[in-house]
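We number each residue from 1, following the sequence as shown. Atoms within a ligand are numbered from 1 in the order they appear, just like the ligands themselves.
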Amino acid sequence: MDLSPLQKARYEYSPKLPGMLRGGISEISVQVGAPTESVADQEKIKALFPNTYGKNEITFVKDSNTSAAKKQVVGVILSGGQAPGGHNVICGLYDAIKATDRNNVLLGFKGGPSGLIEDSYIEFTDEYINAYRNTGGFDIIGSGRTKLETEDQFKIVTEVAKKHGLTAIVIIGGDDSNTNAAVLAEYMAAHNTGVQVIGCPKTIDGDLKNEDIEASFGFDTATKTYSELIGNIERDANSAKKYWHFIKVMGRSASHVALECALETQPNICLIGEEVAAKKMSLAQIANYIADSVEKRGNNGENFGVAIIPEGIVEFVPEFSKLIAEINELLAGKKTEEFNALPDWAAKYEYIRKGLSGESFAVFEILPGFVQQQLFLERDPHGNVQVSLIESEKLFSEMVRKELEKRKAAGTYKGKFGSQHHFFGYEGRCAFPSNFDADYCYSLGYNAFMLIQYGCTGYLSKVSNISKPAEEWVAGGMPITKMMNIERRNGEDKPVIRKALVELDGAPFKYFEAHRDEWAEKTAFTYPGAIQYFGPAEVCDLTTRTLALEKGE
Ligand code: FBP
């Protein structure tokens, strides 16, 4: 296999473990903390998880290892979207497994949760693992979005586990996958299978976090990668002085990625979905807000700028969500065929006009033509509009352009407006993990095995105090049920891990809010540059501004 120089160099990197996990397996002991309660709906969640609810917090400490010696055969899966550092979770898990006993086995189930159902796996060896150390991607075993949630699936998983003599399963995933990990752990406990289940918090979106989980892995590297690119664009904008760049960044629901990129690069505009929802902003209000910045800057001779748009923005706009719900209804079931059979767009437009409420049609009417058509072309397998495919960066730039035309005619806007569009998503999900993510992920994996070794199940691998140097990180585990509440999903009440949205009274948003008016008018860009892997710790090991602000640093 041909290797790039950085790939070779990264193979040699030794990820840093929390101080308490250093010094060898024989020196890792456990401290059992207080019993836990779920964040809400305690009685309901307790009833749903009779075998795994209320377990104690776990912290590891440096002392003689008291865990029982037994042969461990562990299965691991990667679930959902790629996030930098996933390979290192598996490397850390593997190293802890083998350091405990060379005869222990780690099986990687391929292609995500479906690998467990289809019993498609590989057994990891030193040689195989070494080729993936400190690299980005999930290609070590692949990932997938199949959900492990039904009783039938759990039965199959139990059979597969029995066949291989699995003692534990590690699920590396986001809030949904870890919710399912908790349900699987409960099933395994209720059926006395002896199989433990441990989760690891993954997602570049950053929305799996709470008072125990300070950050999901991958968020650091992905946002640093996007911020590098945004900074480069800012510099280009400031050099050429002729374009407004509308940059959509990934994050399908929460706006953490957009906010972190804004804190890193100080763009003129950054929309935050959670704020749009709280203020019940309309599309026109959002476009006007951007146009105000373009106008002020243009009138000062600065005909350029940068606007960051979170991927999930339109779903936070109440009038737009209503429109989507009505379109889904309009084309439900057989009505899609009826609609598709209409001869041309004019006939379809008329069908839409008659089918939507007056209010929603008014919203539909102000959308640029390409967005209107997108709403009817791109449907998911259930026939619903695929909101994530809407090019919101183009939607807003087009609405801003129209608004500026009006302002020009009214004589208030004297500048020129040219726009460019970008979508940064896949560019960041498989980047070489930053030192932070390489260390954090390796620690999460290593720690996951210590939880297995000490008999825990239904826990999330927890490494905290992560805004400090790795030496001071605290390793342990938290019952997943502690993070759960009951939410209505697809018409049913379900126990789920609470998704973390951007908190409007949280320090990261407050900092942004306090500075954005200045950034909207002046050119206050900051250029973070590329992730640095080698060099001084203050350049290479720093994590996100979001975490620093949350920690009051
Ligand atoms: P996870 O929630 O599974 O970590 O994935 C997040 C994400 O990267 C989103 O930011 C994005 O909207 C989505 O995945 C894209 O998914 P896909 O890879 O299926 O296109």
Any pair with a residue in residues 424-445 that passes salt bridge (Lys or Arg N to Asp or Glu O under 4.0 Å), sequence neighbours left out, goes on the list, sorted by first then second residue, please.
Lys16-Asp439
With a 4.0 angstrom cut-off on heavy atoms, strictly below it, pick out the residues next to ligand 1 and order them by chain and number.
Gly80, Gly81, Arg145, Lys202, Thr203, Ile204, Asp205, Met250, Gly251, Arg252, Glu311, Tyr426, Arg429
So, for Phe320 and Phe316, is the gap between ring centers shorter than 6.0 Å?
no
Please enumerate all residues that pass ring pair (Phe, Tyr, Trp, His ring centres under 6.0 Å) together with Tyr13, with sequence neighbours excluded.
none
For His87, the option from Tyr132, Phe217, Tyr442 that meets ring-ring contact (aromatic ring centres under 6.0 Å, His included)
Tyr132
Charged tip of Arg10 within 45° of Phe432 ring normal and under 6.0 Å
no
With Asp205, which residues qualify under salt bridge (Lys or Arg N to Asp or Glu O under 4.0 Å), at least two apart?
none
